[in-house]
Amino acid sequence: MLLLPLNVSAQSLQLQQLNAQAWMVQGESALGTAANRNNISNAAFVVTSEGVLVFDALGSPALAEELIAAIGRITPQPIRKLVLSHYHADHVYGLQAFKALGAEVIAHEQGRTYLYSETAALRLQASREQLKPWINEQTRLVPADRWIAGPLTLTLGGLDFQIMPVGPSHTPEDLVVYVPQLKLLLAGDLVFRGRIPFVGQADSGRWIVALDRLLGFDAELIVPGHGPLSTTARADLQLTRDYLAYLRQTMGAAAREMEPFDEAYARTDWSRFEKLPLFGAANRINAYNTYLLMEQARP
């Protein structure tokens, strides 16, 4: 894989060429901070003879502008489309830079619920304080130009971009993009490669169903929402699926037996996952949220 440094900063993005038409940038396996410019998620783009399609907008306007500059060094074609996987902050705070270019932003209509919520406004305000100067008073939440409710196929430069809703899973508004001619799947946060997923309030049961759907694609390359490019598609989809299933199995059993969470968590064997990045930061809250979810589902 070809790595192209985009500037001399230690925090600079690195452009990774996937094939003759597709590239990605990979965020750090870390929590978002001012030091890393909230550079913790991935983005990808595909160049065609009729323009560029970008998948996700990164975690700050500065990162998005850096990505736009890199795309300009690859091709003179304009950025025509930006497909948003979901409305989490580390994927959307760069949107305004793409909107300024005139790119059409496409997202699932369920994203509007979060976009206009008090939670999103409070998160943005906290980010302005915690991630300054990269997130500041000029950073804003950007609505999509095109809200979709079902599958959509865009054809650009001879390539078919199959945009598919796969939520509610990681979020209610999850979208993935599959490009069959390239056997390329842009998976967003349905796939976390080489690190513990952030489960949050996700519907993990439906997330597993969505991963089963993705396992049906003839993908050779997967760009996950976090972590390095996957060239072992089935194994990497399976790892995320297995982690979610294990959470549901272990915490579900504890909830059914009305075992206190702290006791259940302490006795659970986490050895398969505990060496993955962000295990310490994410696993306990993932387990607790799953425990609550399974407790609510208890008859």
>> Working note: Arg112 + Trp147, criterion side-chain contact (heavy atoms from CB on, under 4.5 Å); need CA distance, chi angles, decisive distance, verdict.
In response: CA-CA 9 Å; Arg112 281 186 288 206; Trp147 298 101; 3.2 Å; yes
>> Please determine whether side-chain contact (heavy atoms from CB on, under 4.5 Å) holds for the pair Ile74 and Gln17, giving the CA-CA distance in whole Å, both sets of side-chain angles, and the decisive distance to 0.1 Å.
In response: CA-CA 10 Å; Ile74 295 293; Gln17 187 169 3; over 6 Å; no
>> Could you walk me through whether Val25 and Leu15 satisfy the side-chain contact (heavy atoms from CB on, under 4.5 Å) test, starting with their C-alpha distance in whole Å, then the side-chain angles of each, then the deciding distance to 0.1 Å, before giving a yes or no?
In response: CA-CA 5 Å; Val25 291; Leu15 200 63; 3.8 Å; yes
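Between Asp189 and His88, the side chains place no donor N or O within less than 3.5 Å of an acceptor N or O (distance only, hydrogens not considered). For the residue pair Asn38 / Ser60, no side-chain donor-acceptor distance below 3.5 Å is found, with atom types taken as modelled.
No option in Val105, Leu84, Leu115, Leu124 other than Leu84 meets the side chain to side chain contact (heavy atoms under 4.5 Å, CB included) test with Val92. For the salt bridge (Lys or Arg N to Asp or Glu O under 4.0 Å) with Asp212, the qualifying choice from Arg206, Arg234, Arg241 is Arg241, the only one to do so.
Side-chain atoms of Asp56 come within 3.5 Å of backbone N or O of Ser85 as a donor-acceptor pair. In terms of modelled atom types and a separation under 3.5 Å, the side chain of Glu104 and the main chain of Asp145 share no donor-acceptor contact. The backbone N or O of Asp218 lies less than 3.5 Å from a partner atom in the side chain of Tyr178, making a donor-acceptor pair. The closest donor-acceptor contact from the side chain of Asp174 to the backbone of His86 lies at 3.5 Å or more, if one exists at all. For Asn42 (side chain) and Leu229 (main-chain N/O), no donor-acceptor pair under 3.5 Å exists by modelled atom type.
Ion pairing between a basic and an acidic side chain is recognised when a charged N comes within 4.0 Å of a carboxylate O; Arg284 and Asp262 show such pairing.
Val199 is not listed as a side-chain neighbour of Asn289, based on a closest heavy-atom distance of 4.5 Å or more. Leu63 is not listed as a side-chain neighbour of Leu67, based on a closest heavy-atom distance of 4.5 Å or more.
Considering CG of Leu237 and CG of Leu215, their distance stands at 4.5 Å, rounded to 0.5 Å. Within the model, atoms CG of Leu247 and CG of Asn283 stand 6.5 Å from one another, a figure rounded to the nearest 0.5 Å.
Under a hydrophobic-cluster definition in which Ile, Leu, Val, Met, Phe, Trp and Tyr are linked whenever side-chain heavy atoms come within less than 4.5 Å, directly or via other members, Leu159 and Leu53 are assigned to the same cluster.
In this structure, Phe273 has its ring center under 6.0 Å from that of Tyr243.
With sequence neighbours left out, Tyr265 forms a ring-ring contact (aromatic ring centres under 6.0 Å, His included) with Phe261, Trp270.
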